[in-house]
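Note that the structure is a prediction, hence the values are computed from the model and not measured. We number each residue from 1, following the sequence as shown.
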Amino acid sequence: MTSQEFQLIAPTLPVEPGIYKYFDSGDTLLYVGKAKNLRKRVSSYFTKTFTSYKTHELVQRIKRIEFTIVPSEQDAFLLENSLIKQFQPRFNINLKDDKTYPYIVIKKENFPRVFLTRRKINDGSEYLGPFTSVAKVRELLDFVKANIQLRTCKLNLTPGNIAKGKFKVCLEYHLGNCKGPCESLQTEENYAEGLQQLRNILKGNLGPVIQHFKKEMREAAENLAFEKAEILRKKIEHLEQYQARSVIVSRHLGNADVFSILRDGDTAYVTYLMMQNGTIVQTHTSQWETHLDEPIEEILSFAIAQLRTTFNSLSPEIIVPFDIEYDEPEIIVTVPKAGDKKKLLDMAAMNVNYFKEEIRQRKMLKLDGKDDSIKHKVLEQLQRDLQLPAVPLHIECFDNSNFQGSYPVSAMVCFKEGVPSKKDYRHFNVKTVEGINDFATMKEVVTRRYKRLQLEQQPFPQLVIIDGGKGQLGAALEGINELGLQGQMTVVGLAKNEEEIFFPGDKESVKLPYNSDSLKLIRSIRDEVHRFGITFHRKKRSQGTFKNELEQIKGIGKNTAEQLLKEFKSVKRVKELSLEELSAAVGTAKATLIKNYFNTQNA
């Protein structure tokens, strides 16, 4: 997928946090990544020049992009990791497969110790988490240590050992961080109360703790103890921002399937989240067509049965937004009103809403699948807006394409009755034009196209769109006039950025209403010719059809030439570089060869 191709889909990407997945032409998952802003992060792959070979290779292979919206950046992190473990994409090799998240463990022992661990052992201990940040867990444990007073030593505090007086209080006791259970200065019941406070903090029950610190902060400020007040303020800020439990990974949820549905007329959209061992491992949104005004409960039940079969799900619980009749009595159907299950359901609803809106936006620009009356209505509107002599049942659009100022090619797409007629699409290798000359290139390809139709006595289009504005429009008309075809078709130019339409000889452009069906059709035709031309151009480059002038220099290979083009964008820019700048990019020996070559050319 090239940068130009990506620009066609960039507006469909959400700006919410989530994960994105890249697939190649064989639909193999290449890469899973996380983002605070999906559109911004994914766009960065197609707008930056990467020096990393791996990143460049990844971008070259991307053919399809999928994404899943999640409530927070933390959830995106957890979902990314679980998907990488599940599918092990090729381009995620730098992430460790065996990466584990930290837990806080309450050890099964007398006066249980509390500490961080990555090893979850089935020893009867209580494990709280997992958490996404080791630093935050350690910071939390420091907070617990300072305020709840739990022991940190590894002494075997059995009742017998304590009764025998085997232990003496340590420095932690004198610092106020421990109440001295080793000398029977604290009962197990009192110690258990401290553990319960710890659990409440981890469950997010922070209200009383925050109020306590706010009171202390006000008192410190009134006593002019501003340093202490600032420390307390940071603790309050940390507690308010902290999320102890995650929607994406929640150990107590186990295995469950989450479904959300949105109905729009005869179409229903269903999002499915598969949770295994408390971790989301699959996300999928599908579109369902209805025909008999089936109740939404019936549609959802049918979709659930189909999706569970498709994904081989054996989860014992289904989480849905409303009661449904489900024919498997051993399956628990849950309609949550609050808690983690409700958060999962909300996340599914967020994705299904976005999917539906994306489909709607996509359909707005195309007439595929519409009945003939709708197609003709749009084409008649275009005829009126452009004051065409006939309904434009046959439209053709031309566009030139080049790579970093080099290697021109052209493309033409054909729309009949408002929809693509792909058998009539044409690619053009430029034959008569030397160097980069968009006007001469446009004249050549337009002349070749309509000379062929003229010789084969094929019908001409009612409307020809030249993507490029006044200059290329004039060049196209020269070719048409030389063939004696003036008046046979209406030819207009389309400015690349402003979406203005130019007629030959007119000083002022025509601007169609922004949300009109006419302009949407023009946009879809323009986007299609861009896509078709870019695909052809990339194919030609990958086949080595184009020659880079830098490759003609003796001692400079293809890889070095491509590296220079990627970094400096054009051969012209490379020519202007100093020897020092070139040396920094490719080394002194190659830089000297390049400078000597261009100096000879200019001599």
Side-chain angles (χ1 to χ4, degrees), residues 74-75 77-88 95-141 144-145 148 150-162 181-182 188-189 191-205 242-258 273-282 312-319 330-332 334 339-341 343-344:
Q74 179 193 41
D75 293 324
F77 174 83
L78 291 167
L79 181 53
E80 174 200 38
N81 191 269
S82 66
L83 290 174
I84 290 170
K85 287 182 179 179
Q86 178 79 4
F87 298 107
Q88 301 179 13
L95 290 172
K96 296 180 180 179
D97 265 350
D98 59 351
K99 180 177 179 180
T100 56
Y101 297 111
Y103 288 85
I104 291 177
V105 60
I106 301 176
K107 198 68 175 173
K108 185 180 181 181
E109 59 190 5
N110 299 103
F111 296 98
R113 288 171 294 145
V114 176
F115 55 89
L116 180 151
T117 183
R118 288 187 182 273
R119 294 184 62 209
K120 193 175 177 184
I121 305 170
N122 188 19
D123 60 354
S125 299
E126 183 178 354
Y127 291 85
L128 305 173
F131 301 89
T132 58
S133 168
V134 173
K136 285 187 176 180
V137 173
R138 286 183 174 140
E139 186 179 347
L140 182 62
L141 287 175
V144 169
K145 178 181 177 181
I148 302 182
L150 301 174
R151 76 175 178 116
T152 57
C153 66
K154 297 181 180 181
L155 300 177
N156 185 12
L157 299 185
T158 63
N161 287 340
I162 294 173
C182 59
E188 289 202 47
E189 290 75 16
Y191 194 91
E193 289 177 7
L195 293 176
Q196 189 57 45
Q197 290 180 43
L198 167 67
R199 295 186 185 97
N200 287 336
I201 290 174
L202 296 181
K203 289 178 181 178
N205 187 19
Y242 183 77
Q243 286 186 325
R245 301 171 70 192
S246 169
V247 173
I248 300 300
V249 177
S250 187
R251 180 172 57 89
H252 74 277
L253 287 178
N255 295 350
D257 290 333
V258 185
L273 309 178
M274 178 190 286
M275 173 164 282
Q276 294 181 352
N277 300 316
T279 301
I280 292 178
V281 296
Q282 287 278 11
N312 300 312
S313 174
L314 300 175
S315 296
E317 182 179 13
I318 295 172
I319 300 172
E330 67 275 13
I331 301 298
I332 301 170
T334 302
D340 282 353
K341 292 180 181 180
K343 290 177 183 177
L344 283 168

Rounded to the nearest 0.5 Å, what separation is found between the CE atom of Met275 and the OG atom of Ser315?
-> 9.5 Å
Could you walk me through whether Tyr127 and Ile121 pass side chain to side chain contact (heavy atoms under 4.5 Å, CB included), step by step?
-> CA-CA 9 Å; Tyr127 291 85; Ile121 305 170; 3.7 Å; yes
Partners meeting side chain to side chain contact (heavy atoms under 4.5 Å, CB included) with Asn122 (sequence neighbours left out) = none
When you measure from the side chain of Ser125 to the backbone N and O of Lys108, does any donor-acceptor pair fall under 3.5 Å?
-> yes
Taking the side chain as every heavy atom from C-beta outward, state whether Lys341 and Val258 have any pair of such atoms under 4.5 Å apart.
-> no
Glu126 and its side chain to side chain contact (heavy atoms under 4.5 Å, CB included) partner, picked from Ile104, Ile106, Val105 = Ile106
Applying side chain to side chain contact (heavy atoms under 4.5 Å, CB included), name anything that partners Ile162, two or more places apart in sequence or on another chain.
-> Phe111, Leu157, Ser184
What residues, two or more places apart in sequence or in another chain, satisfy side chain to side chain contact (heavy atoms under 4.5 Å, CB included) together with Thr158?
-> Asn110, Asn156, Asn161
CG of Leu155 to SG of Cys182, rounded to nearest 0.5 Å, is 6.5 Å
Quick one: does Tyr191's side chain have a donor or acceptor within less than 3.5 Å of a partner on Arg151's backbone?
-> yes
Reported CG-to-CG distance for the pair Asp257 and Leu314, which is rounded to 0.5 angstrom = 9.5 Å
Output all residues satisfying salt bridge (Lys or Arg N to Asp or Glu O under 4.0 Å) with Glu188, sequence neighbours left out; order by chain, then residue number.
-> none
Side chain to side chain contact (heavy atoms under 4.5 Å, CB included) against Ile331, all qualifying residues, sequence neighbours excluded = Arg308, Ile318, Tyr326, Glu328
Working to the nearest 0.5 Å, report the span between CD1 of Ile319 and CD1 of Ile332.
-> 10.5 Å
